[in-house]
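Chain A is the first sequence line, chain B the second, and so forth, proteins listed ahead of strands; every chain is numbered from 1. Given the structure is predicted, the values throughout are model-derived calculations rather than measurements.
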2 protein chains.
Amino acid sequence: MHSQLTHASLALSTDLVIYTARLVRSLRRNIDAPAGVRVLSLLDEHGPLGVTQLAKLDRCSQPTMSAAVANLAEAGLVAKDPSPVDARSSVVSLTHEGSNVLATQRDAWATAITERLRAHNRTQEDLATAVSVLRDLLEPDPMSGANRGTRPERI
Amino acid sequence: MHSQLTHASLALSTDLVIYTARLVRSLRRNIDAPAGVRVLSLLDEHGPLGVTQLAKLDRCSQPTMSAAVANLAEAGLVAKDPSPVDARSSVVSLTHEGSNVLATQRDAWATAITERLRAHNRTQEDLATAVSVLRDLLEPDPMSGANRGTRPERI
DNA sequence: ACGCGATGCATAGGGAGACTATGTATTGAT
DNA sequence: ATCAATACATAGTCTCCCTATGCATCGCGT
């Protein structure tokens, strides 16, 4: 009935999905608000961007990004100015405060993660591998196609 | 001002947080409803459990687990019976259908993940490493302590 | 046997984060 | 000058999670 994947494959994939979900929840619980920081991080990496560009880079819908940017702007972490070359578009850029918040948050995450991994005798190389695996999984167009044909019931 | 973590550490940690968030979102978008499957998976692994036990294992609050179990029960994927030895408690167990849904979902995830990793020349060992890293990060009490003293502003 | 803190769960209320559908204003190309 | 395409905003809704409470039951000490 089911495909002939190895037991290990099934277990590892399931664990990956479950652990990532728990990790994300855990991060949210500590009010580390990853959603906003993702945007700050994108701006830091790419420089000023429009809302739609940000949405594409973060792989979310445009309305979701609009809301995220609005929140960040209200908090003073980004500036949202009209584009000088396109009246429809806006240019979102990091403010000093946004930059500081990003740095602080990055530091907090890195500290916690580094500490934890060391406590488990995990190397930075292991972390790099994990990040690469996650990046590869997100690459094409995330998990679409996972349900092709066999769409499982909604849980 | 900030701690003396290496640039690599900062970048990797940030990427881990960001990628896991995107992956979870991507999984949700495909209506793979990880939340319910996590419960099914726990029941499959540990056998029948009470609501509070499930909540502890999944590291969520008891009310959250109550709601999850209620949904699953309504969908017929789990059975919720009163405990024979403790009138306060209930016993949640997998139904045949729940077991099938779990297997189907696991299979879908494993297929998608395996395929993607192979496309990027990533080995199963890499996947195992990633899973281990995530597990280690979740171990003590997730990310608590990340904000000790320096609690960053909410984004 | 009784009282009471501890335990197991349900309910109420609310918030973050996402999505789809849709509307509006510009742009750019015909 | 039109008109499809593009950039955003808004409305409405969903899932998942949390805290704060309330309630019934258990089990222990006296």
Going through the distances and angles, do A:Leu127 and A:Thr123 end up as a side-chain contact (heavy atoms from CB on, under 4.5 Å)? CA-CA 7 Å; A:Leu127 175 57; A:Thr123 67; over 6 Å; no
[X] [atom1] to [N] [atom2], straight-line distance once rounded to whole Å:
| X | N | atom1 | atom2 | result |
| --- | --- | --- | --- | --- |
| A:Arg25 | D:dC17 | CZ | P | 5 Å |
| A:Leu27 | C:dG17 | CG | P | 12 Å |
| B:Leu23 | C:dA18 | CG | P | 13 Å |
| B:Lys56 | D:dC17 | NZ | P | 18 Å |
| B:Asn30 | C:dC19 | CG | P | 11 Å |
| B:Met65 | C:dT11 | CE | P | 16 Å |
| B:Asn71 | D:dT15 | CG | P | 8 Å |
| A:Arg29 | C:dA16 | CZ | C1' | 14 Å |

Go nucleotide by nucleotide along DNA chain C from the 5' end; which of A:Pro63 and A:Pro34 gets its closest nucleotide reached first? A:Pro34
Can a donor-acceptor pair be found, under 3.5 Å and without considering hydrogens, that links the side chain of B:Thr129 to the backbone of A:Thr129? no
Can you tell me if B:Arg22 uses its side chain to pair, donor with acceptor, with the backbone of A:Cys60 under 3.5 Å? no
So A:Leu57 and A:His46, do their side chains get closer than 4.5 Å, heavy atoms only? yes
For a quick check, tell me whether the side chain of A:Gln62 and the base of D:dA7 share a donor-acceptor pair closer than 3.5 Å. no
Would you mind classifying the nucleic acid contact of [X] as base, sugar-phosphate or nothing, using non-hydrogen atoms under 4.0 angstrom?
| X | result |
| --- | --- |
| A:Ser89 | sugar-phosphate |
| B:Ser61 | base |
| B:Ser83 | nothing |
| B:Thr64 | base |

State, to the nearest 10°, the angle formed by the axis through the first five base pairs of the helix from C:dA1-D:dT30 to C:dT30-D:dA1 and the axis through its last five. 10°
Please list, for nucleotides 27-30 of chain C, all pairs of protein and nucleotide N/O atoms separated by less than 3.5 Å.
{"from": "C:dT27", "atom 1": "OP1", "to": "A:Ala87", "atom 2": "N", "distance (Å)": "3.1"}
{"from": "C:dT27", "atom 1": "O4'", "to": "A:Arg88", "atom 2": "NH2", "distance (Å)": "3.4"}

Which is more 5' along DNA chain D, the nucleotide nearest A:Ala21 or the one nearest A:Ala67? Just name the residue. A:Ala67
Pair B:Val17, A:Ile113 - check side-chain contact (heavy atoms from CB on, under 4.5 Å), show working. CA-CA 10 Å; B:Val17 171; A:Ile113 289 174; 4.3 Å; yes
Step by step, would you call B:Leu102 with A:Thr14 a side-chain contact (heavy atoms from CB on, under 4.5 Å)? CA-CA 10 Å; B:Leu102 175 61; A:Thr14 304; 5.5 Å; no
Could you give me the CA-CA distance, side-chain angles and deciding distance for A:Thr64 and A:Ser61, then say whether side chain to side chain donor-acceptor pair (under 3.5 Å) is met? CA-CA 5 Å; A:Thr64 294; A:Ser61 68; 2.9 Å; yes
Selection from D:dC18, C:dC9, D:dC8 that lies nearest to any side-chain heavy atom of B:Cys60: D:dC18
Reckon A:Ser66 has a side-chain N or O less than 4.0 Å from the OP1 or OP2 of D:dC8? no
Is any side-chain N of the basic residue among B:Arg106 and B:Asp44 closer than 4.0 Å to the acidic one's carboxylate O? yes
Any side-chain donor paired with an acceptor under 3.5 Å for A:Gln62 and A:Ser66? yes
Using the rule that two of Ile, Leu, Val, Met, Phe, Trp, Tyr join whenever any of their side-chain heavy atoms come within less than 4.5 Å, decide whether B:Val24 and A:Val37 are in one cluster. no
